[in-house]
Amino acid sequence: MSAIHGPIVTLLVGRDKKPFQVHRDILCSKSDYFSHLLPAHNFSDLTLDADPATVALFVNFLYWQHYTLPRSCRDKSEQIFTHARLYILGAHFRMARLQEEALTKIYELVKGESRCDDRRLELLREVYISIAAPEDELKKLLVETVAARWLDYREDLTFESELGMLMEEFPVFMRDVLGRLGNGEIPTPPQYFVQPKGIKRKMPDCD
C-alpha cells in the first residue's frame, strides 16, 4: 500500500477512550457514513462506544480490506462474537465489504455445528439491539442456527427460559424464528410456549 498523507482523525473508543488514529481520507473512502459525516464537520476526534479490541480489527480492515483475529482469540464463541461485532460496525458505518467478510467467517464457524453454543442467545440479543434493519443477513443466519436446533430449545421453552425472555423482549425475533419453522409463513406460537402455572410476573413498583 502506498504512503497515505493528509489529516488524521482520532477515534476515542470505549469507556477509557482508547485512541486510534486513522487517516481522514481512509475513513471517507471506505465508509459511506464517514464520507457524509466528516466533510460536513471539522472533527479531529470522534467518540465510539465500542470494544477497543474490535475497533483495532476495524482499523486494520480500513487500511487492508481484510482482518485476521489474534491468536489469543481461540474460543469459538468469542470468535463468533468478534466477527459479529465487526459486522455491526460495518452496518453502522455502512461498509458492505466488512459485513460480507465478517458474515462469511461466522458462517464458516457455525455451518457444521451440531448444537448452538451456550452464548448464542446472548449474541442474538446484542445483534437485535444493535441492528434495526429487519431484513438483515446476520439476523437471518443466527435465526437459522436457532431454528435448526429447535428440538433442543423447545424442551425448556417457557416465558421464564432464556429463549422465552428473548422472544418476549424482541417480538420480531420470535416472528423470525417461527416464520423460519413455518417455511416463511407466520404461524401462531407453539402451545408449549406458555407461562408456567403458578408463576406470576413481577409487576413494576408504582410510586
Side-chain angles (χ1 to χ4, degrees), residues 1-110 117-134 136-142 145 166 169-170 173:
M1 185 172 65
S2 59
I4 301 173
H5 305 282
I8 295 289
V9 175
T10 301
L11 305 178
L12 302 174
V13 180
R15 187 178 305 171
D16 297 329
K17 299 189 182 304
K18 183 174 181 178
F20 291 86
Q21 293 189 324
V22 185
H23 287 88
R24 185 188 184 100
D25 288 347
I26 285 288
L27 282 169
C28 291
S29 64
K30 304 302 181 184
S31 162
D32 288 345
Y33 174 90
F34 287 115
S35 69
H36 287 85
L37 175 69
L38 294 179
H41 303 85
N42 190 28
F43 290 130
S44 59
D45 296 340
L46 288 173
T47 300
L48 295 184
D49 182 15
D51 170 51
T54 304
V55 173
L57 295 170
F58 169 75
V59 171
N60 187 77
F61 184 88
L62 283 170
Y63 283 92
W64 300 103
Q65 289 297 282
H66 68 83
Y67 69 88
T68 302
L69 297 186
R71 292 182 179 180
S72 59
C73 188
R74 297 178 179 178
D75 179 69
K76 177 182 173 181
S77 178
E78 192 58 38
Q79 290 176 2
I80 294 173
F81 262 84
T82 302
H83 293 313
R85 286 166 180 161
L86 282 162
Y87 180 96
I88 290 168
L89 285 180
H92 182 68
F93 296 131
R94 300 200 290 273
M95 297 171 59
R97 179 68 189 85
L98 175 56
Q99 289 182 273
E100 178 184 344
E101 177 161 343
L103 190 70
T104 299
K105 290 181 175 182
I106 293 171
Y107 175 74
E108 290 299 319
L109 288 168
V110 305
D117 182 273
D118 290 341
R119 296 182 66 195
R120 186 62 45 81
L121 299 181
E122 179 186 343
L123 175 59
L124 272 158
R125 176 175 283 105
E126 185 169 331
V127 169
Y128 272 80
I129 287 173
S130 303
I131 299 178
D136 178 78
E137 293 302 319
L138 179 55
K139 286 182 179 178
K140 290 179 182 178
L141 176 58
L142 294 177
T145 68
L166 184 63
E169 184 178 358
F170 300 102
F173 167 64

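Taking the six-membered ring for Trp and thresholds of 30 and 60 degrees, Tyr33 and His92 have ring planes inclined between 30 and 60 degrees apart.
The only member of Glu100, Met95, Arg94 that meets side chain to side chain contact (heavy atoms under 4.5 Å, CB included) when paired with Leu98 is Met95. The only member of Leu103, Ile131, Ile88 that meets side chain to side chain contact (heavy atoms under 4.5 Å, CB included) when paired with Asp136 is Ile131. Tested against Leu46 for a side chain to side chain contact (heavy atoms under 4.5 Å, CB included), the candidates Leu38, Leu12, Val13, Val22 yield a single pass: Leu38.
Atom-to-atom distance recorded for Thr82:OG1 and Lys105:NZ is 11.0 Å, nearest 0.5 angstrom. The structure places CZ of Phe173 at 11.0 Å from NZ of Lys139, a figure rounded to the nearest 0.5 Å. Between Leu27 atom CG and Ser35 atom OG the span is 10.5 Å, to the nearest 0.5 Å. Atoms OH and CD, from Tyr67 and Glu101 in turn, are 5.5 Å apart once rounded to the nearest 0.5 Å. The distance from the CG atom of Leu142 to the CD atom of Glu137 is 11.5 Å, given to the nearest 0.5 Å. Separating the CG atom in Asp51 from the CG atom in Leu89 is a distance of 9.0 Å, to the nearest 0.5 Å.
In this structure, the side chain of Gln21 does not engage the main chain of Leu11 through any donor-acceptor pair within 3.5 Å. Using modelled atom types, one side-chain atom of Asp75 and one backbone atom of Ser77 make a donor-acceptor pair closer than 3.5 Å. A side-chain donor-acceptor contact under 3.5 Å links Ser29 to the backbone of Ile26.
Remark: Ser31 pairs with no residue by the side-chain hydrogen bond (donor to acceptor under 3.5 Å, both in side chains) rule, at least two apart or across chains. Evaluation of the side-chain hydrogen bond (donor to acceptor under 3.5 Å, both in side chains) rule for Glu108 yields Lys111 as partners, not counting sequence neighbours. Glu126 pairs by the side-chain hydrogen bond (donor to acceptor under 3.5 Å, both in side chains) definition with Arg85, not counting sequence neighbours.
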*Starting from the C-alpha separation in whole Å, work towards a yes-or-no answer on side chain to side chain contact (heavy atoms under 4.5 Å, CB included) for Thr47 and Asp49.*
CA-CA 7 Å; Thr47 300; Asp49 182 15; over 6 Å; no

*asked:* If you apply the rule side chain to side chain contact (heavy atoms under 4.5 Å, CB included), what do you find for His83 with Leu69, and how did you get there?
replied: CA-CA 9 Å; His83 293 313; Leu69 297 186; 3.5 Å; yes

*asked:* side chain to side chain contact (heavy atoms under 4.5 Å, CB included), that's the test. Do Ile8 and Arg24 meet it? Break it down for me.
replied: CA-CA 5 Å; Ile8 295 289; Arg24 185 188 184 100; over 6 Å; no

_side chain to side chain contact (heavy atoms under 4.5 Å, CB included) between Ile80 and Arg120, intermediate numbers included_ = CA-CA 9 Å; Ile80 294 173; Arg120 186 62 45 81; 3.6 Å; yes

*For the pair Phe58 and Phe20, evaluate ring-ring contact (aromatic ring centres under 6.0 Å, His included) and give the outcome as yes or no after the intermediate values.*
CA-CA 10 Å; Phe58 169 75; Phe20 291 86; 9.4 Å; no

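You'll find the side chain of Leu166 stays beyond 4.5 Å of the side chain of Tyr128, heavy atoms only. In this structure, the side chains of His23 and Val9 stay at 4.5 Å or more apart for every pair of heavy atoms.
Both cation-pi conditions hold for Arg119 and Phe81: the charged atom is under 6.0 angstrom from the six-membered ring centre and inside a 45 degree cone around its axis.
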